[in-house]
Amino acid sequence: MYTEKVIDHFSNPRNVGEIEEASGVGEVGNVKCGDIMRVYLKIDENDVITDAKFKTFGCGAAIATSSMVTELVIGKTVEEAFKITNKAVAEALDGLPPLKMHCSNLAADAMHEALKDYMSKKGS
Ligand code: FES
C-alpha cells in the first residue's frame, strides 16, 4: 500500500524536533482527522533555508510527508520553497495511497505557513 520511500521516512523520519528562535514557524491542522503538524525554519540573511525541523501529531503518511518536506526545503530559497506544492511532496515520496492524499496537504501547508511567518517577521 505504501511506497518504500514513505515507509522509510515514516520509520526513520528526518529532522524531527524544534528549532529554538526559528526564523518562521507554521502550524496547520487537518480537519478530517484532527492531526496537527508544526514546521520550524531557520533562514539566513540571503533568504536561504539553512535548517528545517518538524513536529507532527499525526498518522504515518503525515509523518512521512513532514519528513520529506523538511528534506526538500533545506538549501532552497524562500521563493523556491513557496513553489513546493503538496503534490510535489507526495511525488517525492513516489506517491501516496489515494485515501492518504489528504494527509500530504499538511506538509507543504505547514511549511508555507512558516514561510509566511518569516516574511511577516522580516517585514515588521
Ligand atoms: Fe490525519 Fe493522515 S490521518 S494526517
Side-chain angles (χ1 to χ4, degrees):
M1 176 171 170
Y2 287 114
T3 67
E4 266 175 45
K5 277 195 191 164
V6 173
I7 292 166
D8 175 32
H9 277 264
F10 169 63
S11 322
N12 179 24
R14 326 304 197 257
N15 309 311
V16 177
E18 294 179 30
I19 297 177
E20 279 186 37
E21 294 179 37
S23 316
V25 182
E27 183 179 300
V28 293
N30 189 321
V31 286
K32 289 195 179 165
C33 61
D35 292 346
I36 293 171
M37 183 182 297
R38 202 173 296 149
V39 169
Y40 302 81
L41 298 175
K42 192 93 194 158
I43 301 169
D44 73 10
E45 62 282 3
N46 298 317
D47 280 351
V48 174
I49 299 164
T50 54
D51 199 9
K53 294 214 183 296
F54 77 91
K55 277 199 163 170
T56 291
F57 309 93
C59 71
I63 289 169
T65 49
S66 326
S67 169
M68 181 50 90
V69 90
T70 56
E71 290 269 276
L72 288 175
V73 297
I74 293 174
K76 295 233 168 32
T77 63
V78 169
E79 203 186 328
E80 288 166 340
F82 261 122
K83 290 184 192 147
I84 297 175
T85 59
N86 297 313
K87 195 164 161 262
V89 178
E91 278 171 9
L93 289 164
D94 293 336
L96 283 167
L99 267 175
K100 286 283 171 186
M101 276 311 283
H102 76 272
C103 313
S104 74
N105 293 348
L106 287 182
D109 286 354
M111 184 266 289
H112 291 161
E113 286 303 314
L115 292 173
K116 285 184 209 158
D117 182 40
Y118 164 71
M119 302 290 280
S120 68
K121 279 182 186 155
K122 201 180 150 184
S124 62

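Here the structure is a predicted model, which is why all the values come from computation and not from measurement. When a ligand or atom number is given, it counts from 1 through the structure's own listing order.
Within the 4.5 Å cutoff, the side chain of Asp51 has heavy atoms near those of the Ile19 side chain.
Side chain of Arg38 to main chain of Ile36: no donor-acceptor pair is present (N/O by atom type, distance under 3.5 Å, no hydrogens or angles).
The set of protein atoms (N, O or S) found at less than 2.8 Å from atom 1 (Fe) of ligand 1 reads Cys33 SG, Asp35 OD2, by chain and number.
Between Tyr118 and Asp47, the side chains place a donor N or O and an acceptor N or O closer than 3.5 Å (distance only, hydrogens not considered).
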Item to check | Criterion side chain to side chain contact (heavy atoms under 4.5 Å, CB included) on Thr56 and Asp35, from CA distance to verdict | outcome: CA-CA 8 Å; Thr56 291; Asp35 292 346; 6.0 Å; no

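Partners of Thr70 by side chain to side chain donor-acceptor pair (under 3.5 Å), not counting sequence neighbours, listed by chain and number: Asn15.
Across Lys53, Lys55, Lys42, a single residue satisfies salt bridge (charged side-chain N to carboxylate O under 4.0 Å, His left out) together with Glu18, and that is Lys55.
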